Amino acid sequence: MNNKNIKLVIITFLITTILFIGCTKSTISKDSSSESITLTDMLGRTIGMDTHAEKIVAIGPGALRLYCYIDSADKVVGIEQIEKDHPTGRPYALANESLKELEVIGPGGPNNSPDAEKLLSVKPDVIFSMYAYDKAAVDELQAKTGIPVVALSYGKVSTFDPAVYDSLEIIGKVMGKENRASEVINFMKECHDDLNNRTKDIEEDEKSNAYIGALSYKGSHGIESTYGDYSLFKAINAKNVVDEIGKTGSLMIDKEKLIEWNPDKIFIDYGGLNLVKDDYSKNPDFYNTLSAFKNGELYSQLPYNFYHTNIGTAMADAYYLGKVLYPDSFKDIEPEKKADEIYKFLLGKEVYKKMAEDFGEFGKILMN
């Protein structure tokens, strides 16, 4: 072989070697960046993971619900006992009936500590936790299990709360479902904007006074259980008679205040409807003093506080409240279809019919 050919072989070898090394380095770099995950959870804790999670558990009030909005229930490897015992009123459970067949990983509930041993037994890649009130306890659980524990939050008002959006984004990052998380967040924001845009320009003197009663809070209550600065009324710019008190959050009012306020329209949450009916049978004169009862302006609301806020149901309720209070602004909305549109987007299934079977349909309430 002459010198010219030898040089050509050497050059060709060197070029091939450089290209191979370059491609190899590029592939390694790409795999490394796509697999390694670093995020900050809702307690401000930095979480590092080698790869996206394929097996998960979700503990604490509402954690499993937020996860189901983002990814498949097939990746859930264990659930709390409370999720098995009380599926009624929770659309994510209705849409994913296979969840109740999973191994129990602890009692669940707001006042029960997670069971580290049972969590370890199902070998999840990550634990999504709504026990976010105590950073030390979350750190301790992570130390005990050696499994990343990611704290989530519903914020202060749950429905349309920025903390929910942040939590959904975190779940998306952990699961490699960033696009789905963005879709869900945008869907919720668009519904919020739609509700506001339909009602923001309605003059105050054109609005009916409204009251929401029988709201569940740590159990079922009668008509005196209400809410100040109610997020669903706020979403549709409604006139909530309770806001006169100047308090925010769950309230138990003196029933005589209802006579003083005498709201034009009263909404009753189905979660406490039976208690209202029982009280009505004992005190019909009190209720029939109210214009809303005399004039047939008594309406339903699907209960949405079951193991924290069922956001999809709350959004569906907001559209129904809007339909009742501002029929012209919501004339294109059929509440039952809108509810199923929301459920289908968030959970992949239409479950309004099942919710209505368990509680009742959107519509007027008759006390007799």
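Values below: all heavy atoms of this structure, side chains included; hydrogens, waters and symmetry mates excluded. This one's a predicted model, so the numbers in the text were calculated from it and none came from an experiment.
Under the 4.5 Å side-chain criterion, counting only non-hydrogen atoms from C-beta, L66 is in contact with I171. Annotation: side chain of N197 is in contact with side chain of K200 (closest heavy-atom distance under 4.5 Å). Put simply, the side chain of V242 reaches to within 4.5 Å of the side chain of W261, judged on heavy atoms. Contact annotation: the side chain of P335 never approaches that of F330 to less than 4.5 Å [non-hydrogen atoms, C-beta and beyond]. Within the 4.5 Å cutoff, no side-chain heavy atoms of D71 are placed close to those of R180.
Salt-bridge check for E341 with K338: passed, with a basic side-chain N closer than 4.0 Å to an acidic carboxylate O. Checked for salt-bridge contact, R45 and D41 meet the test: a charged N lies under 4.0 Å from a carboxylate O. Using a cut-off of 4.0 Å between Lys/Arg side-chain N and Asp/Glu carboxylate O, K234 and D243 are scored as not salt-bridged. Between D161 and K156 there is no salt bridge, since none of the side-chain N atoms of the basic residue sits less than 4.0 Å from a carboxylate O of the acidic one. Ion pairing between a basic and an acidic side chain is recognised when a charged N comes within 4.0 Å of a carboxylate O; D194 and R198 show such pairing. We find that E169 and K173 are not joined by a salt bridge, their nearest charged nitrogen and carboxylate oxygen being 4.0 Å or further apart. Between E224 and K255, none of the side-chain N atoms (NZ, or NE/NH1/NH2) sits under 4.0 Å from a carboxylate O, so this pair counts as no salt bridge.
Of all the heavy atoms in V77 and P124, the pair that sits closest is CG2-CB, 4.1 Å. Summarising the geometry of V138 relative to V149, their closest heavy-atom pair is CG1-CG1, 3.6 Å, with the distance given to 0.1 Å. Of all heavy-atom pairs spanning D269 and P303, the tightest one is OD1-CB, 3.2 Å. Residues F306 and T88 come closest through the heavy atom pair CD2-O, 3.5 Å. Contact record, I268 with I266: CD1-CG2, 3.9 Å, taken as the closest heavy-atom pair. In terms of heavy atoms, P148 sits closest to D125 at CD-O, 3.4 Å.
Using a 30° and 60° split on the angle between ring planes, Y227 and Y230 fall in the tilted class, from 30° to 60°. The aromatic rings of Y280 and F293 lie parallel to each other, with less than 30° between the two planes, well short of the 60° mark. Between Y299 and F267, the ring planes are tilted. Angles from 30° to 60° get that label.
Residue-environment remark: CD (Q81) exceeds the threshold of 12 foreign heavy atoms within 6.0 Å. Surrounding CD of E178 are more than 12 heavy atoms belonging to other residues, nucleotides or ligands, all under 6.0 Å away. Counting heavy-atom neighbours within 6.0 Å of K55 NZ, excluding the residue itself, gives a total above 12. The 12-atom threshold is exceeded at NZ of K84, counting heavy atoms of other residues, nucleotides or ligands nearer than 6.0 Å.
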Does the pair I202 and N237 meet the rule for a side chain to side chain contact (heavy atoms under 4.5 Å, CB included), with working shown?
CA-CA 9 Å; I202 299 174; N237 300 291; over 6 Å; no
F187 and I342: CA distance, side-chain angles, deciding distance, side chain to side chain contact (heavy atoms under 4.5 Å, CB included) verdict:
CA-CA 9 Å; F187 178 78; I342 292 168; 4.1 Å; yes
Taking it one step at a time, do I47 and Q142 satisfy side chain to side chain contact (heavy atoms under 4.5 Å, CB included)?
CA-CA 10 Å; I47 309 293; Q142 183 166 299; 3.9 Å; yes
In sequence, state the C-alpha distance, the side-chain angles, and the governing distance for N305 and L215, and then conclude on side chain to side chain contact (heavy atoms under 4.5 Å, CB included).
CA-CA 9 Å; N305 281 318; L215 289 174; 5.7 Å; no
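Linking Ile, Leu, Val, Met, Phe, Trp and Tyr whenever their side-chain heavy atoms come within less than 4.5 Å puts I223 and I245 in one cluster. Hydrophobic clustering (side-chain heavy atoms under 4.5 Å, transitive across Ile, Leu, Val, Met, Phe, Trp, Tyr) groups M130 together with Y165. I56 is connected to L120 through a chain of hydrophobic side-chain contacts under 4.5 Å among Ile, Leu, Val, Met, Phe, Trp and Tyr, so both are in one cluster. Cluster membership check: Y287 shares its hydrophobic cluster with I212, using side-chain heavy-atom separations under 4.5 Å among Ile, Leu, Val, Met, Phe, Trp and Tyr. V157 and L346 are assigned to two separate hydrophobic clusters, defined by single-linkage of ILVMFWY side chains at heavy-atom distances under 4.5 Å.
Under a 3.5 Å cut-off, the side chain of K135 and the backbone N or O of L43 do not form any donor-acceptor pair. Side-chain N or O atoms of Y304 include none that pairs as donor or acceptor with a backbone N or O of M315 at under 3.5 Å. The main-chain N or O of L325 is never found under 3.5 Å from a side-chain atom of S208 such that the two would form a donor-acceptor pair. Looking only at distances, a side-chain donor or acceptor of D115 sits under 3.5 Å from a matching main-chain atom of E117. Checked by atom type and distance alone, the side chain of N310 never pairs as donor or acceptor with a backbone atom of G312 at under 3.5 Å. With hydrogens and angles disregarded, no donor-acceptor distance shorter than 3.5 Å links the side chain of R65 to the backbone of I311. Not a single donor-acceptor pair under 3.5 Å links the side chain of Y131 to the backbone N or O of P110. Judged by distance alone, the side chain of N295 and the main-chain N or O of E297 form no donor-acceptor pair under 3.5 Å. With T226 contributing its side chain and L251 its backbone, the two residues share no donor-acceptor pair below 3.5 Å. The backbone N or O of G155 lies less than 3.5 Å from a partner atom in the side chain of S153, making a donor-acceptor pair.
If you take CG on D328 and NZ on K323, they are separated by 9.5 Å, rounding to the nearest 0.5 Å. Put simply, CZ on F160 and CG on D193 are 9.5 Å apart, with the number rounded to the nearest 0.5 Å. Atom CD of residue E83 and atom CD1 of residue I105 lie 9.0 Å apart, to the nearest 0.5 angstrom. Distance check, rounded to the nearest 0.5 Å: CD of E334 to CG of D340 gives 11.5 Å. Here the straight-line distance linking atom OH of Y320 with atom OG1 of T313 works out to 15.0 Å at 0.5 Å rounding. Atom CG of residue L195 and atom CG of residue L232 lie 9.0 Å apart, to the nearest 0.5 angstrom.
A donor-acceptor contact under 3.5 angstrom links the side chains of S291 and N262, judged on distance only. N283 and D279 share a side-chain donor-acceptor pair at under 3.5 Å.
Cation-pi geometry between R90 and Y343 is not satisfied (NZ or CZ under 6.0 Å from the ring centre, within 45° of the ring normal).
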Show me, pair by pair, the donor-acceptor contacts under 3.5 angstrom made by side chains of residues 349-363, not counting sequence neighbours?
{"residue": "K349", "atom": "NZ", "partner": "A95", "partner atom": "O", "Å": "3.3"}
{"residue": "Y352", "atom": "OH", "partner": "F362", "partner atom": "N", "Å": "3.0"}

